[in-house]
Amino acid sequence: MAEFFQFLVSGLTVGAVYALVALGFTLIYNASDVVNFAQGEFVMLGGMVTVFAHAAGVPLPLAALLAIAVAVVVGIGLYWLAIAPARGASAVSLIIITIGASIFLRGVAQVVFDKQFHKLPSFSGDTPVQMMGAAVQPQSFWVIGGAAVVVLLLYVFLERTLVGKAVLATSANKLAAKLVGINTATIMALAFGGSAAIGGIAGVLITPITLTSYDVGTLLALKGFAAAMLGGMGNPLGALAGGLLLGLLEAFGAGYVSSTYKDAFAFIVILAVLFVAPQGLFGRRAVERV
Amino acid sequence: MREWFRHRYVSLVVLAVVIALLPLVFPSSYYYRVAALVWVSALAAIGLNILMGKAGQVSLGHAGFFGIGAYAVAIGPTHFGVPSFASLLIGAVLSAVLAYLVGRPILRLKGHYLAIATLGLGVLVALAITTESRWTGGPDGMPVAKLVIFGWRASGSDTWYWITAGMLLVGTWLALNLDDTPTGRAFRALHDSEIAARVAGVNVNRFKLQAFVIAAVYASLAGSALALMNGFVNPDQAGFLHSVEMVTMVVLGGLGSVIGSIVGAAVLIMLPQALTIFQEYEHLLLGFIIIVSMIFMRDGIVPMLAKWMGRRA
């Protein structure tokens with residue numbers, strides 16, 4: 001039982017990060033139809049900038065804010081400099097552009113920072129909390145709680161604010177949104193900035209547990225993309241569920257089956273799910289027009 | 001001028017001439033090696049282009065098949081005493097069988113769902129290669145025995161230049177021929193509109209599967225050739241980034257253009273070689289170049305040049 005609970009907590013912790021990355025994918029995909037493979041780099045930036053700012057003497061909370069701000073600037077820059085000029089390019093070309101951006105950002109991080117692994121101190125100490133016989137790292141609460149707050153804020157923003165509604169309108173139908181006077185280009189830039197902020201926060205929260213380095217983004221982007229697909233691309237609730245599910249699968253798979261194949265479970269399950277439900281677990285069946 | 005470009009065998013002859021003349025301007029054996037790398041990558045890219053450019057299906061896991069080919073010629077001779085050449089064929093058959101079995105359910109998917117499914121397939125192959133270190137040497141990779149044909153040992157950059165060039169010429173010839181066969185026409189139909197193709201009586205699922213299997217075999221053979229040439233394999237060759245590199249070659253060169261795939265491969269192989277002088281900045285520049293070329297050369301290099309020359313002529 002203690003073992004089960006231990007796996008549950010570690011699964012939810014990692015899953016929360018996957019969910020945030022998947023949410024970032026979803027936000028950008030909805031607003032601009034772009035699958036942003038540089039999403040993992042926002043997480044990397046969140047972690048790396050915090051580490052280096054903190055090492056330079058900036059207090060941790062300020063360093064974290066700075067890191068998120070850097071991620072947002074990079075996200076908006078990515079939109080204006082790489083995505084907006086490629087308007088009308090095919091989906092594959094856009095994917096390659098974002099992959100190019102991810103290689104570029106990794107290259108920049110390698111030059112500006114270094115190639116070492118880095119750790120952040122835990123936000124509230126390293127004394128494990130005993131729960132149901134399992135030892136839970138306090139940082140896990142920060143990750144899960146932080147993710148919950150982000151999701152809640154995003155929900156309120158989208159449903160309760162005018163700008164949020166404009167985002168929803170843009171994702172529902174770009175042309176109609178334009179016709180009612182929404183500046184869709186600004187909205188898309190906003191979506192990139194928002195996704196970057198979400199990714200940056202995930203990076204700040206998880207770095208005390210998993211360490212960070214200039215190249216952690218790739219695998220995170222793959223997992224986040226997988227989580228978004230598992231839940232059904234473009235569905236925020238699906239992204240959340242997909243991320244948590246993926247984290248749990250990995251934790252239990254690694255705990256009970258084989259830890260060397262930890263990273264494989266995610267993709268095996270995704271292949272299996274897609275065989276049965278080609279639109280993901282919560283995806284709508286799209287109607288194809290000829 | 002455009003008509004001239006379109007003629008099937010002209011590009012093949014030009015390619016053969018280029019291959020024959022290139023060594024005349026090579027200052028050192030290092031250039032043989034870089035060129036051989038280009039031929040190998042081009043072979044894989046042409047295969048992938050049949051799937052992406054002609055049949056209109058994306059694969060983000062193609063390095064998986066490349067890895068199967070590479071590790072087949074590594075594992076066959078080392079662990080089972082199977083000669084290299086037979087191992088290469090076994091690798092190709094394995095890739096074809098895997099593509100056939102997995103392709104059936106995967107290819108029902110569309111767009112991003114197809115992308116993630118193929119990506120998953122590639123990641124699983126790479127993971128298996130990294131994890132089963134008893135067979136594959138794990139993350140460190142393993143040595144590959146030299147290719148021996150009738151007692152003749154293939155080694156040296158110039159030898160491999162000619163072997164890989166020969167493979168590329170055959171691969172190019174087959175791909176160019178495909179265009180005018182019923183299969184090639186079926187691919188084109190399903191590229192333009194799957195529903196229209198279905199209505200016109202094209203067995204969509206069968207042809208998608210066929211393109212997937214062909215692409216897998218091309219990648220597998222290219223993987224085997226690279227492993228034999230290097231005398232060494234490592235899991236990176238099956239990794240996600242290599243898959244991305246292949247897709248980039250295809251799109252950069254021009255979707256649907258066989259010659260484009262060769263040009264795309266040449267650009268992406270030679271760039272990092274040229275960028276090593278910048279070492280620190282290699283990734284930064286590579287990423288930048290990918291972004292800029294995708295923004296400004298959307299159709300790919302070869303179709304863009306063809307269009308440009310067509311306008312002038």
Side-chain angles (χ1 to χ4, degrees), chain A residues 29 35 37-38 78 81-83 85-111 214-215 218-219 221-222 225-226 228-230 233-234 258 260-264 266-271 274-276 278-280 283 286 288 290, chain B residues 52 56 58 60-61 102 104-106 108-124 126-128 130-133 193-196 199 239-241 244-245 247-248 250-252 255 280-300:
Chain A
Y29 178 74
V35 172
F37 268 99
L78 173 65
L81 299 176
I83 305 294
R87 214 172 338 222
S90 70
V92 181
S93 305
L94 286 170
I95 286 183
I96 294 178
I97 288 179
T98 64
I99 289 173
S102 115
I103 297 174
F104 175 77
L105 289 172
R106 235 177 299 152
V108 173
Q110 191 183 323
V111 174
Y214 78 101
D215 62 351
T218 314
L219 198 60
L222 292 187
F225 184 34
M229 298 313 275
L230 189 61
M233 197 70 191
S258 149
T260 45
Y261 276 104
K262 179 175 82 75
D263 291 325
F267 294 102
I268 291 173
V269 169
I270 280 151
L271 284 175
L274 289 178
F275 289 169
V276 185
Q279 306 294 323
E288 195 181 336
V290 187
Chain B
M52 288 180 55
V58 73
L60 282 184
V102 183
R104 286 178 89 93
I106 275 186
R108 279 188 310 155
L109 304 167
K110 290 195 179 63
H112 299 122
Y113 291 93
L114 178 62
I116 184 76
T118 51
L119 190 160
L121 177 67
V123 171
L124 288 178
L127 264 170
T130 316
T131 312
E132 297 301 324
S133 46
S193 162
E194 204 175 308
I195 292 177
V199 172
F240 171 65
L241 281 179
V244 168
E245 206 181 332
V247 173
T248 311
V250 173
V251 179
L252 186 64
L255 276 173
E280 281 277 287
Y281 299 93
E282 188 189 328
H283 281 115
L284 193 155
L285 288 170
L286 189 65
F288 179 75
I289 291 168
I290 290 177
I291 297 175
V292 170
S293 50
M294 289 321 295
I295 291 175
F296 295 108
M297 293 186 292
R298 224 166 277 175
D299 298 333

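Here is how names work: the chains are called A, B, and so on, in the same order as the sequence lines, proteins then strands, and each is numbered from 1.
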*What part of B:V247 lies closer than 4.5 angstrom to a heavy atom of chain A: side chain, backbone, both or neither?*
both

*Quick one: pull up CG in A:L222 and CZ in B:F240 and give me the separation to the nearest 0.5 Å.*
5.0 Å

*Contacting region of B:L241 [heavy-atom separation from chain A under 4.5 Å]*: side chain

*Quick one: what part of B:F296 sits under 4.5 Å from any heavy atom of chain A, side chain, backbone, both or neither?*
neither

*With chain A, which of B:R298, B:M294, B:R108 has the greatest number of heavy-atom pairs at distances under 4.5 Å?*
B:R298

_Atom CZ of B:F288 with >12 non-hydrogen neighbours under 6.0 angstrom_ = no

*B:I116 versus chain A, heavy atoms under 4.5 Å apart: side chain, backbone, both or neither?*
both

*To the nearest 0.5 Å, how far apart are NZ in A:K262 and OG1 in B:T131?*
11.5 Å

*Picking from A:A109, A:A228, A:A264, which has the most non-hydrogen pairs under 4.5 angstrom with chain B?*
A:A264

*Looking at side-chain heavy atoms only, is the closest gap between B:V244 and A:F37 below 4.5 Å?*
no

*Side chain, backbone, both or neither: which part of A:V108 has a non-hydrogen atom closer than 4.5 Å to chain B?*
both

*First locate atom CD of B:E132, then atom OG1 of A:T260, and finally report the distance between them rounded to the nearest 0.5 Å.*
7.5 Å

*Check B:V292, B:I290, B:I295 against A:I97 for a side-chain contact (heavy atoms from CB on, under 4.5 Å) and give me the one that passes.*
B:I295

_Exercise: identify the closest heavy-atom pair between A:L274 and B:A117_ = CD1-CB, 4.0 Å

*asked:* If you define the side chain from C-beta out and look only at heavy atoms, does anything of A:I103 sit under 4.5 Å from B:I291?
replied: no

_Engaged part of B:L60 at the chain A interface, taking heavy atoms whose separation is under 4.5 Å_ = side chain

*Could you tell me which portion of B:A126 (side chain, backbone, both or neither) has an atom closer than 4.5 angstrom to a non-hydrogen atom of chain A?*
neither

*Could you check which of A:G107, A:S90, A:A266 has the highest count of heavy-atom pairs closer than 4.5 Å to chain B?*
A:G107

*Can you tell me how far NE2 of B:H283 sits from CG of A:L105, rounded to the nearest 0.5 angstrom?*
12.5 Å

*Taking the side chain as every heavy atom from C-beta outward, state whether B:I106 and A:F275 have any atom pair closer than 4.5 Å.*
yes

